[in-house]
Amino acid sequence: MTKNAEVVRVLKEMALLLQVQGADPFKAQAYQRGVRSITSLGEDIAAIAARDELTDIPGIGKGLAEVIKDYLDDGQVEKLNELRTRVPIQVMELDAIPGVGPRTMKLVYDKLGVTDLESLERAADEGLLEDLPGLGKKTQEQILRGIAVAKSGMGRTLLADGLLDAEAIVTKLRKLEDVKRIDITGSSRRRRETIGDIDILVDAEVSGTIMETFVGIEGVADVLAHGDTKSSIRLQSNLQVDLRVVTSDSYGAGLQYFTGSVDHNVKLRALAQKKNLRLNEYGLFKGEKKIAGDDEEGIYKTLGMDWIPPELREDQGEIEAAQEGTLPKLIEMKDIRGDLHSHTDQSDGKNTIEEMLDAAQKKGYEYYCVSDHTQSLTIANGMDEARLLKRIDEIDDLNSSGRWKMKILKGAEVDILKNGELDIKDEVLAQLDIVTVSIHSRMKDSKEMMTERVCEALRNRYAHILGHPTGRLLLKRPEFEIDLQQVFEMAVENNVIMELNAHPQRLDLNPGNLRIAKRLGLKVAINTDAHWTDELDHMRFGVYQARRGWIERDDVINTMSLKSMLKAIKK
DNA sequence: GCCGTTTTCGGCCCGACTGTTTTCAGTCG
């Protein structure tokens, strides 16, 4: 596991404590900027610190680098301890309560001695908040509801789950007469792996009916705001959904603005200012005159750059690239010609091989690889050599049956053992078209052991693809400790392809690592790892993630023709 | 605290909604 999450926590707490103490708001903002920057880093911050390159990270200067180094040294940050001593408030705990910010924290601390969620709840229950200056009965109720939300521990949602809700709401609203255009914006449009809320933008002249429909939609637990241009609801799943309405001539500006990211927008605004322009959600203005805003392209063009795909809008160099005209031509769904990692009921999949092939054929694929687990993964009924040889014969028969137009490839997801050996003999591996090697055990091995284990596996002359390279499960299990830089270099040496596992809970590799892999010249395979037919649909999440990693068609082997692809994986 | 095609000092995105307010503060994105 990287230290990133811990460092983020430290900086976030410092930002909050600074705000509570009424420090220079721009100073607190700088800490928050650092938080966002490290959140979207993708590389282990400890590795960057070891190279002494912390200040190369956007938003990290001398001061924040010191804090990060202090923390990495011994887990202690002198500055943080001082801040905590000055105001002993559990700011992280209170910050999880929607509607409670630094000013409120300070107020209830000064007046009531409230320091944490529990004492705040007690004070609210006793009705002590409504008499405080600036608060009232409604705010007290709102805080109590917020406490309930914080207690339920609802943080972020997988993109795939959030999109399901978002697309359902969009479908419903689209039917309304007043709705001219409607789009999902925010982090969902940028295809972040996980999302904190859903943002939807509507093009309409009048908003009354739209807002009424929205706040009354099925599954609403709470209406947080209900205005003319903005409404906010919380679904029973605890996911918050924001709806904004703008008119046609501002729709592009709204799309741009609400898609974010914050850092991307801040930089665009600064650029606009330098050109004596003003950018907001209604348009790009020169004085009072709107000079762009009905579409996104016009805004970027007027600011002197190419249109930037939403997946890149993280202030990670995309604005500079757009100015120079050097943005990558990102991979698209239509470029995908096959899926190289899938399971059947022979191991832990739910469908038969025929059912999987039928479903894959419907995707229009030119080739499809069946790659069940191998013997040491007993819990998944992994195959031994004998079963694998039988499977090889079976696929030969299926290929010659003529029932499927696509080429069925013989594969396996072979387990990497403790010592880095594979759990299937070379003589059998030699008969497979594609061998994916994966870690499924001993995920708590030390970084050194894990790195050597994987590197050893990559040295095997039959290892073609490294499956889900970090083993993470989003919102559930952190990546295991591994020196990916070393692994990547070993992969280059041995011509091993890196998998981008498209499962919404894996999306492994992450964008930062994809960019590093690309820089080293590694190729990527975007695979669904489907365990039943529906999961073949996950390919789109893999493509989204690839785009976030600046990946182009030619970086991906399963965009190639069968012949080129097989040639590309050859060792 | 960060940052630089007006810069190493002096700026730092800005608008919507709510609630508690008689004109605005706090929160949010």
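First the proteins, then the strands, lettered A, B, ... as listed; each starts at 1. Excluded from the calculations below are hydrogen atoms, water molecules and symmetry mates; all remaining heavy atoms, backbone and side chain alike, are included.
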Task: Partner residues of A/D242 under the side-chain contact (heavy atoms from CB on, under 4.5 Å) criterion, sequence neighbours left out - done: A/D197, A/D199, A/S232, A/Q240
Open item on the list: As a test of reading the structure: which of B/dG19, B/dG1, B/dG26 is closest to the side chain of A/A30, going by heavy atoms?
Closed with: B/dG1
Open item on the list: For A/Y31, give me all partners under side-chain hydrogen bond (donor to acceptor under 3.5 Å, both in side chains), at least two apart in sequence or on another chain.
Closed with: none
Task: Options B/dT27, B/dT20, B/dC28, nucleotide nearest the side-chain atoms of A/K138 - done: B/dT20
Open item on the list: Using a strict heavy-atom distance below 4.0 Å, which residues from residues 310-326 of chain A are in contact with DNA chain B?
Closed with: none
Open item on the list: So, using side-chain hydrogen bond (donor to acceptor under 3.5 Å, both in side chains) as the criterion, who are the partners of A/R51 when residues are at least two apart?
Closed with: A/E43, A/E53
Task: Base-pairing assignment for B/dG15 (Watson-Crick or G-U wobble, both under 3.5 Å) - done: B/dC28
For residues 208-228 of chain A, dump all side-chain donor-acceptor pairs below 3.5 Å to protein atoms at least two apart in sequence or in another chain.
residue: A/T213; atom: OG1; partner: A/T209; partner atom: O; Å: 2.7
residue: A/D222; atom: OD2; partner: A/R145; partner atom: NE; Å: 3.0
residue: A/D222; atom: OD2; partner: A/R234; partner atom: NH2; Å: 3.2

- [ ] Please list, chain by chain and in numerical order, all residues satisfying side-chain hydrogen bond (donor to acceptor under 3.5 Å, both in side chains) with A/E78, sequence neighbours excluded.
- [x] none
Open item on the list: Any residue in residues 68-85 of chain A with a heavy atom nearer than 4.0 angstrom to DNA chain B? Just list them by number, or reply none.
Closed with: A/K79
- [ ] May I have all residue pairs that pass salt bridge (charged side-chain N to carboxylate O under 4.0 Å, His left out) and include part of residues 11-20 of chain A, sequence neighbours excluded?
- [x] A/E13-A/R84
Open item on the list: Walk along nucleotides 9-17 of chain B from 5' to 3' and tag each nucleotide B, S or - by protein heavy-atom contact under 4.0 Å, base first, then sugar-phosphate.
Closed with: ---BBBSSS
Task: salt bridge (charged side-chain N to carboxylate O under 4.0 Å, His left out) partners of residues 309-327 of chain A, not counting sequence neighbours, each pair once - done: A/R33-A/D315, A/R190-A/E314, A/R192-A/E314, A/K267-A/D315, A/K267-A/E320, A/E296-A/R313, A/E311-A/R547
Open item on the list: Without decimals, in angstroms, what is the distance between A/D222 CG and B/dT18 C1'?
Closed with: 13 Å
Using atom types as modelled, flag every donor-acceptor pair under 3.5 Å from a side chain in residues 502-509 of chain A to any protein atom, sequence neighbours excluded.
residue: A/H503; atom: ND1; partner: A/Q505; partner atom: N; Å: 3.0
residue: A/D508; atom: OD1; partner: A/T470; partner atom: N; Å: 3.2
residue: A/D508; atom: OD1; partner: A/T470; partner atom: OG1; Å: 3.1
residue: A/D508; atom: OD2; partner: A/T470; partner atom: N; Å: 3.0
residue: A/D508; atom: OD2; partner: A/T470; partner atom: OG1; Å: 3.2
residue: A/D508; atom: OD2; partner: A/G471; partner atom: N; Å: 2.9

Open item on the list: Heavy atoms within less than 4.0 Å of DNA chain B: which residues of residues 113-133 of chain A have one? Give them sorted by number.
Closed with: none
Open item on the list: What I'd like to find out is whether the side chain of A/K79 reaches to under 4.5 Å of the side chain of A/D70, using heavy atoms alone.
Closed with: no
